[in-house]
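Take a look at the structure below.
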Amino acid sequence: MNQPVSPSLLENRADADQHDAWERDYRASIGTNRAVVNVSGIPIQPLYTPRDWTRYGAAVPLAYPGQADYTRGIYATMHRGRTWTQRQLIGLGTPADYNARLLALMASGTSAVSLIPCNSVYRGYDMDTVDPELLGTCGVVINNVEHMQRSLEGVDVGTVSCAMNDPSPFTLLAFMMIDAERRGIDWRRIAGTSNQSDYISHFVANHMFYRLSLPGARRVLMDHIAYCNRYLPRWNPMSVVGQHMQQAGATPAEAMAFTLCTAIQNAEDCAAHGMDPDAFLPRFTFFFDISLSFFEEIAKFRAGRRIWARIARERLGAKDPRAWRFKFHAQTSGVDLTRQQPLNNIARVTVQAMAGIFGGLQSLHTDAYDEALACPSEFGARIAVATQNILREEAHLTDVIDPLGGAFYLESLTDRMEERIVSIMKTVDEAGGMYRAVESGLVQRMIGASARRFQGRIDSGEQVVVGVNAYQVDEADDERPLIERPDPAAMRRHIDEFVAWKAARPAAAVSKALDRLTRAAEHPGDNVFGAVVEAARAGLTHEEICTRLRRDLGFGQPLAIV
């Protein structure tokens, strides 16, 4: 006697028959069936079904938002309850120029400060030692506490979150702290992020930012985290950065893997300095690039969230669920923007922003369409802010939490991205961890190889870039956006006032503050960042602080890979 066939088996047979019929039709109709591989090297199928999602059919195939493993988000409400912070990078000209732009953008919807300084500041120099033609073209010129005060005039840093794009030794944060102190604002109220605190990413991919030697930067970061955890409990002193490495050519999977390895390295360094993971990990944040590979980027963020939750709990020993949360800021990728047909960049930025939003970010910067040409114009910056407003208010992207969750393609891709990320992390671990891997050049070589592969795809035409290697048009000069430059007379006054201010300082006080920096650098028990704050209070300039610590802790010399 035949046994009855279960309904589920009949359904599986029906699905298999339908799948086979589709596959026959597909192969008969597709013509050349080209292989599709995403940027991270994962093969992409033409169709995804339940059989491609490993966890499909499990009792709980996906955790709920706010619950480990956090694939669907780190908070129960995600953007339905609180949307992402609109944190536009702003930097231009003098502090007065910056302040005017900042207040205008905040009136347009920007909800937090993200201050980007002039390249002269990134390189560790004051304005009076740099060619005036170079000043203020891509960031604001801030060299002392007074400049910070003018830049943030009208902004209550006790209530508005501020990000300081401020590499080691974190002079801009020190200037902001002293400005707050003068205004009577308790440091315990100050919230925000040391947005360029990741010296490892600078060593790998941002040589302009690399002010101190590798061991010197490592020392200052540990002191910075310890000091901020004690005196600025709402401040995030550690922003682990994947953006630089992805912009340098790392694939999305590599960028996530290297970022997680860097977080492990810094967390283990903190623990070695006697810090409690449940105390410092909740103040770790992450910073990523969002490329145009839409689904790949969403999968990158979802995979990264669940890997970090596992690492924080199992490898780093954190018991507090707040320490397992993968909080990240993301920026639409400037690498994807083109000088040709620059208005097309508005569409590119919109797609990137949507990927970040669907990926579950907590904070977002959208690039201006003219950012490939120069410091964003006020017109371009307004469009960038409005893009976020439109996606939130008009497109209703915040109505549903993780709206793509459960899609067979996305869940399968998230699994494959997790496998690829974990594999890359294993390579770094086998090299002795992230510090040793970048010290030896392993990470730089991997990024370089990926960059060459991707550029080869563009050069061959396999990867189409509209307006660059396809769909080209002749552009008239008047179609290009106007490049804004700082007013030379205003910059000259800024320099003259600074030089006069420096000359009026008591020489003995300057010398005493510099010696205090040296003593902190020479004694492992002292806190170097605490000495930087004291130096700012004593009236030292940005270059004076950087120069003395470069002397005492070593000059930053990134590894050249050929």
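Ring planes of Tyr231 and Trp187: perpendicular class, angle over 60° (limits at 30 and 60°). Using the six-membered ring where Trp is involved, Trp501 and Phe498 have ring planes that are parallel, under 30° apart on the 30 and 60° scheme. Using cut-offs of 30° and 60° for the angle between ring planes, the His329 and Phe287 rings count as tilted.
If you run side chain to side chain contact (heavy atoms under 4.5 Å, CB included) between Tyr199 and each of Asn266, Val241, Val204, only Asn266 comes through.
Atom-to-atom distance recorded for Leu442:CG and Glu430:CD is 10.0 Å, nearest 0.5 angstrom. To the nearest 0.5 Å, atoms CZ (Phe529) and CD1 (Ile225) are separated by 11.5 Å. Going from atom CG of Leu260 over to atom CD1 of Ile421 covers 7.0 Å, rounded to the nearest 0.5 Å. Within the model, atoms CZ of Arg150 and OG1 of Thr94 stand 7.5 Å from one another, a figure rounded to the nearest 0.5 Å. Atom CZ of Phe328 is separated from atom CG of Leu364 by 9.5 Å, given to the nearest 0.5 angstrom. Separation of atoms CD (Glu544) and CG (Leu514) is listed at 6.0 Å; rounding is to 0.5 Å.
A salt bridge is absent between Asp69 and Arg305: the closest approach of a Lys/Arg side-chain nitrogen to an acidic carboxylate oxygen does not fall below 4.0 angstrom. Contact check on Asp156 versus Arg189 returns a salt bridge, with a Lys/Arg side-chain nitrogen under 4.0 Å from an Asp/Glu carboxylate oxygen. At a threshold of 4.0 Å, the pair Asp496-Arg492 counts as salt-bridged, since one of the basic side-chain nitrogens sits closer than that to a carboxylate oxygen. In this structure, Arg436 pairs ionically with Glu439, as a charged nitrogen and a carboxylate oxygen lie closer than 4.0 Å. Here Asp552 does not pair with Arg219 in a salt bridge; the nearest charged N to carboxylate O distance is not below 4.0 Å. Salt bridge absent: Arg519 and Asp515 never bring a charged side-chain N and a carboxylate O closer than 4.0 Å.
Partners of Ala538 under the side chain to side chain contact (heavy atoms under 4.5 Å, CB included) rule, at least two apart in sequence or in another chain, are Ala513. Taking Phe555 as the reference, nothing meets the ring-ring contact (aromatic ring centres under 6.0 Å, His included) condition, with sequence neighbours excluded. Partners of Arg182 according to the salt bridge (Lys or Arg N to Asp or Glu O under 4.0 Å) rule, which considers only residues two or more places apart in sequence or in another chain, are Glu146. Evaluation of the salt bridge (Lys or Arg N to Asp or Glu O under 4.0 Å) rule for Asp276 yields no partner, not counting sequence neighbours. Applying the salt bridge (Lys or Arg N to Asp or Glu O under 4.0 Å) criterion to Lys502, with sequence neighbours excluded, gives Asp128.
A 6.0 Å sphere centred on CZ of Arg551 holds more than 12 heavy atoms belonging to other residues, nucleotides or ligands. Counted within 6.0 Å of CZ on Arg80, heavy atoms from surrounding residues, nucleotides or ligands total 12 or fewer; the atom is thus considered open. By the neighbour-count criterion of 12 heavy atoms within 6.0 Å, atom CZ of Arg183 is densely surrounded, having more than that number from other residues, nucleotides or ligands.
By the 4.5 Å heavy-atom criterion applied to side chains, Phe288 and Gln246 are not counted as neighbours. Val121 is listed as a side-chain neighbour of His542, based on a closest heavy-atom distance under 4.5 Å. Considering only heavy atoms from C-beta on, Phe301 comes within 4.5 Å of Ile290 through its side chain.
Looking only at distances, no side-chain donor or acceptor of Asn143 sits under 3.5 Å from a matching main-chain atom of Asp126. Asp166 places a side-chain N or O within 3.5 Å of a backbone atom of Leu173 that can act as its donor or acceptor partner. With hydrogens and angles ignored, the 3.5 Å screen pairs a side-chain donor or acceptor of Lys327 with a backbone N or O of Pro282. Judged purely by atom type and a 3.5 angstrom limit, Asp278 uses its side chain to pair as donor or acceptor with the backbone of Asp320. His494 contributes a side-chain N or O that, together with a main-chain N or O of Val141, makes up a donor-acceptor pair within less than 3.5 Å. In this structure, Thr332 contributes its side chain and Thr366 its backbone to no donor-acceptor pair below 3.5 Å.
Side-chain atoms of Arg211 and Ser168 include no donor-acceptor pair closer than 3.5 Å. For the residue pair Glu153 and Asn99, no side-chain donor N or O sits within less than 3.5 Å of a side-chain acceptor on the partner. In this structure, a donor-acceptor pair under 3.5 Å is present between the side chains of Asn389 and Gln86. Side-chain atoms of His244 and Gln196 include a donor-acceptor pair closer than 3.5 Å. Side-chain contact of Thr129 with Glu543: a donor-acceptor pair under 3.5 Å is present, judged by distance alone.
The side chain to side chain donor-acceptor pair (under 3.5 Å) analysis of residues 102-125, with sequence neighbours excluded, yields the pairs Ser114-Asn165.
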